[in-house]
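Computation of the quantities below employed the complete heavy-atom set of this structure, encompassing side-chain atoms and omitting hydrogens, waters and symmetry-equivalent molecules. Naming convention: chains lettered A, B, ... in sequence-line order (proteins, then strands); numbering from 1 in each chain. Remember, predicted model here, so these are calculated numbers, not experimental data.
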There are 2 protein chains.
Amino acid sequence: MAAKESLKQKAYYAIKDKIIRCEYAPGVMLNEEALREELHVSRTPIRDALSRLEQEGLISILPKKGIVVSSLSMNDINLIFEVRLLYEPYALLKYGQKIKDEVIYKFFHTFSSSAHTFSEEEYYALDDAFHVAIVEAIQNPYLLKTYDWIHNQNLRFRVMTGQFVDLRLERTNQEHLRIVTACLKHDWELAAKEMEAHLLASKNATFDLVLDNKNSEMQHGK
Amino acid sequence: MAAKESLKQKAYYAIKDKIIRCEYAPGVMLNEEALREELHVSRTPIRDALSRLEQEGLISILPKKGIVVSSLSMNDINLIFEVRLLYEPYALLKYGQKIKDEVIYKFFHTFSSSAHTFSEEEYYALDDAFHVAIVEAIQNPYLLKTYDWIHNQNLRFRVMTGQFVDLRLERTNQEHLRIVTACLKHDWELAAKEMEAHLLASKNATFDLVLDNKNSEMQHGK
DNA sequence: AGTCAGCGTGTTGTATACAACAAAAACATT
DNA sequence: AATGTTTTTGTTGTATACAACACGCTGACT
């Protein structure tokens, strides 16, 4: 499958994946030599990959010192959700009509009937697919690229904070239903409004989770 | 000044500058060897720079074939102005309050009294400074990075289409004045609306210029 | 003349050796 | 013991040689 993929692409995806899954945790130092040994390639493709990852904000390269995986602060939550709050309602309002009805109906069906049969992990994939499907109705590559970045950062937050609790998952599903229902009626103004409400709730939930996380860390020492 | 700048940064800015000024015109092919000779550095910093420029959408790297400077199509105008129409009114609406009054007053003074003393080139720099000052009130680095990209693309369009005609410059200045006046009153909703109108007018003007350009190209053969 | 195989040239991809610098460690001096 | 200096070590920056591939060209064969 990846036989024709260049080494620099392989290195890029491999390192990116480990950063997103927090195998390389926020704030830790990396160095080219260690990555070289781990991926069994020379420094050149590693450096290509690192250059790209720096552009995307996942790492910082400190000249002659090392590479640090970008940390995640409270403020990053604000930054991520600012972009989402700007893009996602806009996508519905201006491009909702471009989303195929069958796609909308598929999500409606999934959210309304079988939500409880999903594991948390599976529901995450579903949540991602839902939001991405909406945003991709904007076909502007500049906007989509930015969205991809914050999407990655959002994934890191998920891994760091652990999964949602069940209660929030229920609420999330209900909010999704309200958005999808508005979409089915082709009432894009309402859909955008519901999306905004959903994102604000999600933002607060993320804030709480990060705070809880900080607290329990302190209780467990360190 | 640039003594401590790394070669890869020097290469990046040098190539980027030539692309923006259309010394490397849209659609032309480059190769690492020629760039290496032109900049008197080895391929490594060149490749670093190219990787970054590819991220920013200014070039495409075709493996084993060469490097092509991204072309500018009609559709790119839509993409650029979609981002501007999304960001700039948003900046005024949500962050207008963060712009210092003295900055606003400085622009008011400039636009209202001394516009006619500027050359077209100078007025461009002023126009840029004005829009950038507004957008930078959004402090979100993700949004600002996207804006920087489309800003560069916009500059390329300017160079390609030649400067505005005087008539449009007059109109532009009047539109700027309307925006700044609303800002002085701290009426950010009005300011955002005026900005939207200004951008739509500017978009149409750019379209017309590109069309004229295409036509005159055809008249002059090819 | 047409077609296809093989070769040659030009391009980026990859590996690696060396340079430049930063930071820590070791050491001498007081 | 404290301090300033030198050395050592570790890191990325840079240069360069070689590999891999794409594409056009040549030539033989039909």
Side-chain angles (χ1 to χ4, degrees), chain A residues 1-19 22-71 145, chain B residues 1-19 22-71 145:
Chain A
M1 134 206 149
K4 303 179 80 172
E5 220 175 25
S6 68
L7 292 183
K8 74 184 201 184
Q9 280 182 60
K10 256 173 53 180
Y12 166 74
Y13 287 114
I15 299 172
K16 180 178 176 180
D17 189 61
K18 290 188 181 185
I19 292 176
C22 294
E23 185 172 327
Y24 299 149
V28 307
M29 298 285 289
L30 304 176
N31 70 67
E32 295 178 354
E33 178 63 15
L35 294 169
R36 191 191 68 69
E37 280 190 8
E38 190 160 344
L39 300 180
H40 299 97
V41 293
S42 80
R43 281 181 61 205
T44 309
I46 297 282
R47 284 176 56 77
D48 275 332
L50 292 176
S51 163
R52 204 167 149 189
L53 291 167
E54 186 184 32
Q55 295 299 307
E56 301 179 11
L58 288 176
I59 62 171
S60 296
I61 298 176
L62 313 176
K64 319 275 177 149
K65 288 173 68 180
I67 298 138
V68 55
V69 179
S70 298
S71 56
K145 202 159 192 170
Chain B
M1 137 206 147
K4 304 177 79 175
E5 219 174 28
S6 67
L7 292 182
K8 73 184 200 182
Q9 279 181 63
K10 256 173 52 182
Y12 167 73
Y13 287 114
I15 299 172
K16 179 178 175 178
D17 188 61
K18 291 188 179 182
I19 292 176
C22 293
E23 184 173 327
Y24 299 148
V28 308
M29 297 285 291
L30 304 176
N31 69 67
E32 295 178 355
E33 179 61 16
L35 293 170
R36 191 190 69 70
E37 280 190 10
E38 190 160 344
L39 300 180
H40 299 96
V41 293
S42 79
R43 280 182 62 205
T44 309
I46 297 282
R47 285 176 55 77
D48 274 333
L50 292 177
S51 163
R52 203 168 151 188
L53 291 168
E54 187 184 31
Q55 296 297 308
E56 300 180 11
L58 289 176
I59 63 172
S60 296
I61 299 176
L62 312 177
K64 320 278 177 144
K65 287 172 68 178
I67 298 139
V68 53
V69 179
S70 299
S71 57
K145 202 158 192 172

Novice: Is the closest side-chain heavy-atom distance between A:Leu35 and A:Tyr24 below 4.5 Å?
Specialist: yes
Novice: Could you state the CZ-C1' distance from A:Arg36 to C:dT14, rounded to the nearest angstrom?
Specialist: 13 Å
Novice: Under the side-chain hydrogen bond (donor to acceptor under 3.5 Å, both in side chains) rule, collect the residues that match up with B:Lys18, sequence neighbours excluded.
Specialist: B:Glu38
Novice: Under the side-chain contact (heavy atoms from CB on, under 4.5 Å) rule, collect the residues that match up with A:Ser71, sequence neighbours excluded.
Specialist: none
Novice: Expressed in angstrom and rounded to an integer, what is the separation of A:Leu39 atom CG from C:dT14 atom P?
Specialist: 13 Å
Novice: Would you say A:Leu39 and A:Leu7 make side-chain contact, with heavy atoms under 4.5 Å?
Specialist: no
Novice: Rounded to the nearest 0.5 Å, how far does CD1 of A:Ile46 lie from NZ of A:Lys10?
Specialist: 11.0 Å
Novice: Please determine if a side-chain N or O atom of B:Ser42 lies less than 4.0 Å away from the OP1 or OP2 oxygen of D:dA15.
Specialist: yes
Novice: Provide, to the nearest angstrom, the distance between the CD atom belonging to A:Glu5 and the C1' atom belonging to D:dA20.
Specialist: 17 Å
Novice: Any residue in residues 11-19 of chain A with a heavy atom nearer than 4.0 angstrom to DNA chain C? Just list them by number, or reply none.
Specialist: none
Novice: If the condition is side-chain hydrogen bond (donor to acceptor under 3.5 Å, both in side chains), which residues does A:Glu32 pass it with, not counting sequence neighbours?
Specialist: A:Arg43, A:Arg47
Novice: Polar-atom pairs under 3.5 Å, protein N or O versus N or O of nucleotides 9-12 of chain C: list them with distances, or write none.
Specialist:
residue : atom : partner : partner atom : Å
C:dT12  : OP1  : B:Glu32 : N            : 3.4
C:dT12  : OP2  : B:Glu32 : N            : 3.2

Novice: Expressed as a whole number of angstroms, how long is the span from B:Ile46:CD1 to C:dG13:P?
Specialist: 14 Å
Novice: Residues two or more places apart in sequence or in another chain: which of them pass side-chain hydrogen bond (donor to acceptor under 3.5 Å, both in side chains) with B:Asp17?
Specialist: B:Arg21
Novice: Whole Å only: how far is the NE2 atom of B:His40 from the P atom of D:dT16?
Specialist: 13 Å
Novice: Which pairs would a plain distance check flag for residues 51-64 of chain B, meaning a side-chain donor or acceptor within less than 3.5 Å of a matching protein atom at least two apart in sequence or in another chain?
Specialist:
residue : atom : partner : partner atom : Å
B:Glu54 : OE2  : B:Ile61 : N            : 3.3
B:Glu56 : OE1  : B:Tyr12 : OH           : 3.1
B:Glu56 : OE2  : B:Tyr12 : OH           : 2.7

Novice: Grab the CE-P distance between A:Met29 and C:dA23 for me, whole Å please.
Specialist: 10 Å
Novice: Where is the tightest heavy-atom contact between A:Ala11 and A:Ala49, given as atom of each residue plus distance?
Specialist: C-CB, 3.9 Å
Novice: Are there runs of at least three consecutive Watson-Crick or G-U pairs touching DNA chain C, with each pair's two distances under 3.5 angstrom? Give them by first number.
Specialist: C:1-30 with D:1-30
Novice: Which heavy-atom pair separates A:Val68 from A:Met29 by the least distance, and what is that distance?
Specialist: CB-SD, 3.8 Å
